[in-house]
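Heads up, the thing below is written out as structure tokens.
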Amino acid sequence: MATSRQTINEQLWQVVAMIPRGRVCTYGEVARQAGMPGAARRVGKALQDLPNDSRIPWYRVVNSQGRISLPESSPSRSYQRSQLEMEGVVFNAANRLDLKQYGWP
DNA sequence: TACTTGACAGCAT
DNA sequence: AATGCTGCCAAGT
């Protein structure tokens with residue numbers, strides 16, 4: 001039978017949980033490390049499915065441009081940025097962070 | 001069932 | 001650097 005969505009989520013969450021403090025990972029990279037290359041969009045779904053009280057550092061996941069993918073209308077967007085800045089991540093004037101510097105691996 | 005949307009990414013222009 | 005198009009695929013309508 002096909003792998004359940006719950007199992008897929010848990011595999012992706014496990015990868016996100018390994019991102020070190022002060023570092024970030026792209027959606028595509030999380031998918032690759034979880035053994036699901038090309039499943040970047042599933043990572044977004046998995047993070048949406050996270051319970052509000054989860055301890056998983058979902059805010060360490062950004063897109064391949066080094067930008068936050070949450071819509072401007074989302075309150076979580078500012079939370080994500082402040083959490084990253086709190087860990088030392090610096091955003092430039094274009095609201096982007098340097099993946100060469102903060103990317104993991 | 002058909003069509004649209006989106007917390008993506010890669011390539012072309 | 002910025003835009004646009006394509007592949008992707010689960011979820012919503």
Side-chain angles (χ1 to χ4, degrees):
Chain A
M1 82 178 245
T3 310
S4 74
R5 183 180 62 144
Q6 182 61 28
T7 300
I8 290 174
N9 282 351
E10 289 174 353
Q11 293 179 325
L12 292 171
W13 293 339
Q14 186 168 346
V15 171
V16 175
M18 298 191 297
I19 306 173
R21 241 183 91 83
R23 307 300 296 281
V24 299
C25 196
T26 66
Y27 293 87
E29 185 58 28
V30 169
R32 276 196 297 280
Q33 290 193 34
M36 306 177 224
R41 299 193 95 129
R42 279 195 176 180
V43 177
K45 297 290 187 189
L47 297 187
Q48 273 191 321
D49 289 343
L50 275 172
N52 295 320
D53 59 4
S54 173
R55 191 178 66 74
I56 301 294
W58 59 266
Y59 53 82
R60 293 181 185 147
V61 181
V62 298
N63 63 32
S64 63
Q65 316 273 314
R67 314 183 75 173
I68 292 174
S69 283
L70 288 165
E72 299 288 348
S73 59
S74 173
S76 295
R77 186 188 170 82
S78 55
Y79 171 78
Q80 176 168 18
R81 176 165 174 156
S82 61
Q83 282 300 302
L84 290 176
E85 293 180 323
M86 193 174 296
E87 296 187 349
V89 175
V90 177
F91 286 80
N92 64 26
N95 294 315
R96 296 178 60 175
L97 55 80
D98 185 0
L99 284 175
K100 291 297 182 185
Q101 180 176 4
Y102 305 112
W104 186 77

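Quick note on labels: first sequence line is chain A, next is B, and so on, each numbered from 1. A quick note: this is a predicted structure, and the numbers were derived from the prediction, not measured. Worth knowing before you read on, the calculation uses all heavy atoms, side chains too, and leaves out hydrogens, waters and symmetry mates.
- For the pair A:Arg96 and A:Phe91, the NZ or CZ position fails the cation-pi test of under 6.0 Å to the six-membered ring centre and within 45 degrees of the ring normal.
- Separating the CD atom of A:Gln33 from the P atom of B:dA9 is a distance of 13 Å, rounded to the nearest angstrom.
- Within the 4.0 angstrom heavy-atom criterion, only backbone atoms of the sugar-phosphate kind lie near A:Thr26; the bases stay farther away.
- Between A:Glu87 and A:Arg23 no salt bridge is recorded (no basic side-chain N to carboxylate O distance below 4.0 Å).
- Each of A:Lys45 and A:Gln65 has a nearest nucleotide on DNA chain C; the 5'-most of these lies closest to A:Gln65.
- Atom P of nucleotide C:dC9 and atom CG of A:Leu47 are separated by 18 Å, given to the nearest angstrom.
- Residue A:Tyr59 contributes atom OH, which lies 21 Å from atom P of B:dA7 at whole-angstrom precision.
- With rounding to whole Å, A:Asn63 atom CG is found 15 Å from C:dA2 atom C1'.
- Following rounding to the nearest Å, A:Leu12 (CG) and B:dC8 (P) show an atom-to-atom distance of 14 Å.
- For A:Ser69, no side-chain nitrogen or oxygen approaches OP1 or OP2 of B:dA7 to under 4.0 Å.
- Distance A:Asn9 CG to C:dA11 C1': 13 Å, rounded to the nearest Å.
- For the pairing with A:Leu97, the side-chain contact (heavy atoms from CB on, under 4.5 Å) check across A:Ile68, A:Asn92, A:Val24, A:Val90 returns one residue only, A:Val24.
- Nucleotides C:dC5 and B:dT4, compared at atom P, are 16 Å apart to the nearest Å.
- Distance from the side chain of A:Ala40 is smallest for B:dC8 among the nucleotides C:dA11, B:dC8, B:dA7.
- Residue A:Arg5 has no polar side-chain atom (N or O) positioned under 4.0 Å from OP1 or OP2 of C:dC9.
- The one candidate from A:Leu12, A:Val16, A:Val15 that meets the side-chain contact (heavy atoms from CB on, under 4.5 Å) condition with A:Gln33 is A:Val15.
- Here C:dA10 is the nucleotide among B:dG10, B:dA7, C:dA10 with the atom lying nearest to any side-chain atom of A:Arg42.
- The side-chain heavy atoms of A:Ser54 and A:Trp13, taken from C-beta on, include no pair separated by under 4.5 Å.
- Backbone-only contact: A:Gly28 has heavy atoms under 4.0 Å from sugar-phosphate atoms and none from a base.
- For the pair A:Gln48 CD and C:dG12 P, the computed distance is 9 Å after rounding to whole Å.
- Looking at heavy-atom distances under 4.0 Å, A:Arg77 makes no contact with the nucleic acid at all.
- OP1 or OP2 of C:dC8 has not a single side-chain nitrogen or oxygen of A:Arg41 nearer than 4.0 Å.
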